[in-house]
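Below, read A as the first sequence line, B as the second, and so on, with proteins coming before strands; counting in each chain starts at 1. The analysis underlying the following values was restricted to heavy atoms, covering all of them including side chains, and did not include hydrogens, waters or symmetry mates.
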Amino acid sequence: MSIAKTYLPKEAEEKWYKYWLENGFFKSVPDDREPYTIVMPPPNVTGVLHMGHMLNNTIQDVLIRRARMKGKNACWVPGTDHASIATEAKVVAMLKEKGISKKDLSRAEFLDYAWEWKEKYGGIILDQLKKLGASCDWDRTRFTMDDDLSEAVIDTFIHLYKKGLIYRGIRMVNWDPQGKTAVSDEEVMRKEVNQKLYYIRYEVKGERQKVKGDEESLTSYLTIATTRPETIMADAAICVNPNDERYLHLHGKQVYIPLINREIPVILDEYVTMDFGTGALKVTPAHDLNDYELGQKHNLPVIDILNDDGTLNAKAQILLGEDRFAARKKIAVMLEEAGVLEKVEEYKSQVGFSERTNAVIEPKLSMQWFCKMEDMAKPALDYVLNGEIKLIPEKFINTYRHWMENVKDWCISRQLWWGQQIPAYYLPHGQYIIAKTIEEALELANQINTNNSPLTINDLTQEEDVVDTWFSSWLWPISVFDGFKDPNNADINYYYPTNDLVTAPEILFFWVARMIMAGHEFRGKMPFENVYLTGIVRDKQGRKMSKSLGNSPDPLDLIDKYGADGVRVGMLLSSPAGNDLMFDEGHCEQGRNFYNKVWNAFRLVKGWEVDDKLENPNKVAIDWFESRFNQALTEIEDTFAQYRLSEALMATYKLVWDDFCAWYLEMIKPVYLQPIDRETHTKTIEFFSNILKLLHPFIPFITEELWHDDLFGDRKDSDCCIVAQLPNSGEINTRLLADVENVKQVITQIRNIRNNKQISPKEALPLSVKAISGVSYLSYKEILVKLANLSELVLVTDKMSGAINFLVSTDEFYVPLKETIDPVAEKERLQKEKDYLTGFLKSVNAKLTNEKFMANAKPEIIEAEQKKRADAEAKLKIIDEGLSGLAG
RNA sequence: GGGAGCUUAGCUCAGCUGGUUCAGAGCAUCUGCCUUACAAGCAGAGGGUCACUGGUUCGAACCCAGUAGCUCCCA
């Protein structure tokens, strides 16, 4: 079988992914092996693959493939979450296109449409992950609204309610007027926005008569500054700081709200910042969290002038039905016309946006369901603080702790239909029963029913709201293994707790923390051991990649262009844990170049003819690479253990490109068209096979493709790289490794001489060595002769004059050339080196003659310094000889 | 306003408990090569007052304090 000149990723990717699936290599069932489990953070069903998913899932796939190759029973559970707000918004939009309004549909009808939508589009993102090579156990694919998972959500709700951890109450919530639902604090993104600060005059009651001239007008008006003039109709008071001398005369007064002339009091509270705006704050309890608290304190009425969709209602008295932002513009004009708009300033402030719909969040008072967090947060914090759960990188522990120590109750209700409907049933008089079914609720209701006639099902109405999507996903590591339905089943007992969770720091709180809480609450165990936090994928300018900015490449296009393997390498190359990744297509190119290198190295080896009569001239090279490979294996193992994936990849990259391709293959490569000996050939194939294994987690497709080449002999169907076992590290001959480093330096020096003197690589050069370091260069003669193209290598004991010379370690090398060397330049070079060494020796001596150093430094440090001194002295001696030789 | 973190080569980042020959890598750059595995390549080379200022120490990129700039989180 011959091999193509270039690797064609597309074909290989389709072929091998299919092959892996057919052979069930991704599947996992509990057995005697040690499990290694990852649950995929379920992407949104509405989502399409973006760069963040690419990074996240590449990392998971590398971890899972590696575990599989280490003999563990690797299980990667995929799935999606139902994303209630986002999905509902999509479905509403789709219906709108069909000319259907959600209002005209019953809940059941709407849900039918939603499920239809989910069946059609919900699997797209998972299919896209397959293109990346994700080796998930697809048979385990779960969706947060699957029957079993939904049942788990309802059971959990009931469980927590019974424990007193769920309650209903009026609270100021983050209202999304577009999604028409409350969202949690964590779903509000704050952004700095250019706004306007309106200065509005409120007339002071009983001061009107005095108006004459500017000075007096100061007492007849009170000016406030606000960014939200459309809410003045909801004002309940004006608040000033009691220490503010400017307003002493207003204490106890009343003012009139402009335009509607409603009378409100001036109240005093130190909460008000005197130097912000005018120092007078309009208090609007219904439309601002801080104002609400202030209102509670001062017993102010709550006047809510906004409808659920953000338009003004009858309580506003004016601008009825106008959207809040339209109303803002209009009221500014009205205020201006009324002569009460003093000025308008540009102002930057933080505004909350809904993460799901991007609508500006409206603080709104409403009846919502809450989950108490304090008791659950405590143990969840402990898992992380005592190290049972490791956050990688550790710097996130602080953030985690800060959040858990200041946790607020979780608003879990959403005014939507897509999701699990809250199992609360209202009785005619407003009491409610929490029960799994309406029948159960009815039974319970009749137990407390004081009426003579028993209640019927028709008397009960179920709560309209659904629970927050996170109230499903916090159960994910348990529910995907049916840990609620069947708490003692084989899967949950085997796979739980899972090993690693790979996710983004942005959801450390509202997902990771809550999973830990749920894990503790429902299993008494943490849900995972390690949390690997990836960074945000940003563009070259450091901007977060997003659809709206249009700065994100389509991952599938990238795969098309560079191959899945290339993109995987590209994602991993510059992504240390927890650090943002400045994505650059150049990295994917580097990835492609890398697997291309592997491909070509393979072509070289494959092209060799074997001659059984030949002796093996490459024993040293083989021994060296074997040691080097084992050394690299240890390093790679170590970096993986620390979850430094980009470093592990780089170490592998260098082992393959530098050590194997650039050095080893060059050392053993036969002269063109000449055959190679059997032993070297066999060994090299063995090395190559190990390299493929080591590379597989990073570049699974090309390694599988090469694995099946007949160079490796016949393979059974099940003999695949994906399930091959990683080699164990063998002996490392450190002496040999160190010697070869010297030999490589010698070769580099000679190549340098060629470069400088314009000598062709084809012209063989003689080399003499005066060695005192103990390296036996003759044992590396084959390598030196071949890679430096030497005509001879001789050991000498005397200095050679008139030859180009260089030092490696403390050994002196001479290349006699016909061409005479320039004594001036040579002298300069030696003098420079001498100056440097003299300085260096001086600093070493300074340490060694320093009593405190000798007293405090560890013995091995002192020893090292002594060796430095000896080496420097030896080198100086050689250089001095060279200098005096030139002088003479 | 509160909290956390960052600042090392042109770029992206390593640098473990302060101490191996003078701070490392990859990419990019420069020089020379179409040397029959690979120009998606080969062989070389250059490039850093470790943000700044002080302090601790025999010794500081690393520890401490302050300054400046940046990022994130919370309000």
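To the nearest whole angstrom, the two C1' atoms, one in B/rU71 and one in B/rU31, are 40 Å apart. Straight-line distance between the P atoms of B/rC38 and B/rA43: roughly 14 Å, to the nearest whole Å. As rounded to the nearest Å, B/rU56 and B/rA45 have P atoms that lie 42 Å from one another. B/rC42 and B/rU36 have their P atoms separated by 14 Å, with the value rounded to a whole Å. For B/rU12 and B/rA28, the P atoms lie 15 Å apart once the distance is rounded to whole Å. Of the C1' atoms belonging to B/rA14 and B/rC6, the separation is 15 Å, rounded to the nearest Å. Distance noted for atom C1' between B/rA9 and B/rC27: 12 Å (whole Å). Comparing B/rC73 with B/rG26, their P atoms are spaced 34 Å from each other, to the whole Å.
Considering only side-chain N and O atoms, A/Lys858 lies nowhere under 4.0 angstrom from the phosphate OP1 or OP2 of B/rU17. Of the side-chain N and O atoms in A/Asn593, one or more sit less than 4.0 angstrom from OP1 or OP2 of B/rG41. For A/Asn752 and B/rA45, the shortest distance from a side-chain N or O to OP1 or OP2 is below 4.0 Å. The phosphate of B/rC27 has OP1 or OP2 within less than 4.0 Å of a side-chain N or O from A/Tyr653. When the side-chain nitrogen and oxygen atoms of A/Arg592 are compared with OP1 and OP2 of B/rC38, none of them lie within a distance under 4.0 Å.
Within 4.0 Å of A/Asn856, counting heavy atoms only, lies at least one base atom of the nucleic acid. Within 4.0 Å (heavy atoms only), A/Trp657 reaches sugar-phosphate atoms of the nucleic acid but no base atom. Among the atoms of the strands shown, none is found under 4.0 Å from any heavy atom of A/Arg754. Across all strands shown, A/Lys408 has heavy atoms under 4.0 Å from sugar-phosphate atoms exclusively, and none from any base. At the heavy-atom level, A/Lys654 lies under 4.0 Å from the strands shown only through sugar-phosphate atoms. Residue A/Arg751 is classed as a sugar-phosphate contact, given heavy-atom separations below 4.0 Å to backbone atoms only. A/Asn756 comes within contact range of no nucleotide atom at all, as no heavy-atom separation falls under 4.0 Å.
Look at NZ on A/Lys669: it is 9 Å from P on B/rU36, rounded to the nearest Å. A/Ile862 places its CD1 atom 14 Å from the P atom of B/rU20, with the value rounded to the nearest Å. Atom-to-atom, OH of A/Tyr664 to P of B/rC38 comes out at 20 Å; the value is rounded to the nearest Å. Across the protein-nucleic acid pair, A/Gln749 atom CD and B/rG44 atom P stand 10 Å apart, rounded to whole Å. Atom C1' of nucleotide B/rA37 and atom CG of A/Leu673 are separated by 13 Å, given to the nearest angstrom. For A/Leu8 and B/rA40, the CG to P distance is 16 Å, given to the nearest whole Å. The CD1-C1' distance, from A/Ile3 to B/rU36, rounds to 17 Å in whole Å. In this structure, the CD atom of A/Glu585 is 14 Å from the P atom of B/rA28, given to the nearest Å.
Between A/Phe510 and A/Trp470, the ring-plane angle classifies as perpendicular under the 30° and 60° cut-offs. Ring geometry for A/His587 versus A/Phe583: interplanar angle over 60°, hence perpendicular rather than tilted (30 to 60°). The aromatic rings of A/Tyr595 and A/Tyr7 stand perpendicular to each other, their planes meeting at an angle above 60°, with 30° marking the opposite boundary.
Checked by atom type, the side-chain pair A/Asn593/A/Glu589 shows no donor-acceptor distance below 3.5 Å. A/Thr680 and A/Asn618 are linked by a side-chain donor-acceptor pair at a separation below 3.5 angstrom, with hydrogens and angles left out of the test. A side-chain donor-acceptor contact under 3.5 Å links A/Asp811 and A/Ser773. When only modelled atom types and interatomic distance are considered, A/Gln866 and A/Arg869 share no side-chain donor-acceptor pair under 3.5 Å.
In this model, a side-chain donor or acceptor of A/Lys597 finds a partner on the base of B/rC38 within 3.5 Å. At a cut-off of 3.5 angstrom, the base of B/rA43 holds no donor-acceptor pair with the side chain of A/Glu666.
Sequence order on RNA chain B of the closest nucleotides to A/Ile747 and A/Asp658 puts A/Asp658 first from the 5' end. Comparing A/Asn600 and A/Glu506 along RNA chain B, the residue whose closest nucleotide (by nearest heavy atom) sits nearer the 5' end is A/Asn600.
The side chain of A/Asn398 sits closest to B/rG5 out of B/rC73, B/rA39, B/rG5. Out of B/rA37, B/rG26, B/rC58, the shortest distance to the side chain of A/Cys661 is found at B/rA37. In this structure, of B/rC73, B/rG5, B/rC38, it is B/rG5 that holds the atom nearest to the side chain of A/Lys395. With distances taken from any side-chain atom of A/Gln590 to the nucleotides B/rA14, B/rC58, B/rC27, the minimum falls on B/rC27. Across B/rC38, B/rG26, B/rC58, the shortest atom-to-atom separation from the side chain of A/Met650 is found for B/rG26. Listed nucleotides: B/rA37, B/rA45, B/rC58. Nearest to the side chain of A/Thr748: B/rA45. When the nucleotides B/rA43, B/rA37, B/rA40 are ranked by their closest atom to the side chain of A/Asn596, B/rA40 comes out on top. Of the candidates B/rG19, B/rU36, B/rC58, B/rG19 carries the atom nearest the A/Ile861 side chain, counting heavy atoms from C-beta on.
The environment of A/Gln674 atom CD is dense: over 12 non-hydrogen atoms of other residues, nucleotides or ligands sit within 6.0 angstrom. Around the CD atom of A/Glu374, the shell of radius 6.0 Å holds no more than 12 heavy atoms that belong to other residues, nucleotides or ligands.
In this structure, the ring pair (Phe, Tyr, Trp, His ring centres under 6.0 Å) partners of A/Phe602, at least two apart in sequence or on a different chain, are A/Phe688, A/Phe712.
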Quick one: do A/Asp835 and A/Gln831 satisfy side chain to side chain donor-acceptor pair (under 3.5 Å)? Show the steps, please. CA-CA 6 Å; A/Asp835 290 347; A/Gln831 191 58 48; 3.1 Å; yes
Its dot-bracket string being built from Watson-Crick and G-U pairs below 3.5 Å, with | for another strand and [ ] for crossing, RNA chain B has the pattern (((((((..((((.....[....)))).(((((.......))))).....(((((..]....)))))))))))).
